[in-house]
Structures are given as C-alpha cells and as structure tokens.
Amino acid sequence: MSASRDLGPMIIGLLTASVVVAGRQATREEQQIFEAAEILTDRDCSSFCEWMCYVHSDEGYQATI
C-alpha cells in the first residue's frame, strides 16, 4: 500500500480518520498528501516534512512562490 513502512501508513490513517469524522470527501490537497504518503519512503517523507516546515516559516521563500 505504501513505499513507507512507518510514516506513510500513519499519515494515511490519520488523514483518512480526519476526512471520515468530518463526513466529507478528501480535498485536492488531501489527495496529493495521500499520493505522497503512498509513493515516498520514510526517509523521503521526513525530508519532505522538513522542507514544508521551512517553506511555511521562511517569509523570503514564500514571497517567491
């Protein structure tokens, strides 16, 4: 189901629970997170999360997007 042994299944489980409890369909962004959780390895997921934290915290980087 996932290239990741630990992080991918946890991300998929938590996100699925969130969507189900809210009683709605997954958004386009959530679908992309599902895809990333299925494709990326644990190491890739960790690197991606670190990059996302950087993007959200660095105002100079956000200005270029």
Side-chain angles (χ1 to χ4, degrees):
M1 180 172 175
S2 174
S4 167
R5 291 186 178 180
D6 296 317
L7 294 176
M10 284 192 289
I11 292 168
I12 291 168
L14 290 171
L15 188 54
T16 299
S18 174
V19 170
V20 170
V21 167
R24 60 180 177 75
Q25 296 288 322
T27 64
R28 183 171 30 164
E29 291 82 8
E30 289 168 332
Q31 287 292 340
Q32 291 173 336
I33 293 170
F34 281 126
E35 290 176 23
E38 292 171 3
I39 295 169
L40 299 176
T41 64
D42 283 334
R43 187 175 188 176
D44 293 336
C45 281
S46 293
S47 296
F48 178 71
C49 288
E50 289 174 19
W51 178 79
M52 286 300 295
C53 288
Y54 169 75
V55 168
H56 287 288
S57 66
D58 187 301
E59 292 178 20
Y61 190 87
Q62 290 178 14
T64 63
I65 297 177

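Take Thr16 and apply the side-chain contact (heavy atoms from CB on, under 4.5 Å) test, not counting sequence neighbours, and it matches Ile12, Val20, Phe34. For Ile33, the side-chain contact (heavy atoms from CB on, under 4.5 Å) test picks out Ile11, Leu15, with sequence neighbours left out. Checked against side-chain hydrogen bond (donor to acceptor under 3.5 Å, both in side chains), Asp6 has no partners two or more places apart in sequence or in another chain.
Open room surrounds CD on Gln25; 12 or fewer heavy atoms of other groups in view lie less than 6.0 Å from it.
Annotation: salt bridge (Lys or Arg N to Asp or Glu O under 4.0 Å) contacts involving residues 39-53, sequence neighbours excluded, are absent. Residue pairs meeting the salt bridge (Lys or Arg N to Asp or Glu O under 4.0 Å) criterion with at least one member in residues 14-23, sequence neighbours excluded, do not occur. For residues 12-24, the salt bridge (Lys or Arg N to Asp or Glu O under 4.0 Å) pairs, not counting sequence neighbours, are Arg24-Glu30.
Counting all heavy atoms, side chain and backbone alike, Val19 lies closest to Ala26 at CG1-N, 3.8 Å.
Trp51 and Leu40 end up in the same hydrophobic cluster when Ile, Leu, Val, Met, Phe, Trp and Tyr side chains are linked at under 4.5 Å.
Atom CZ of Arg28 and atom CD of Gln31 lie 11.0 Å apart (nearest 0.5 Å).
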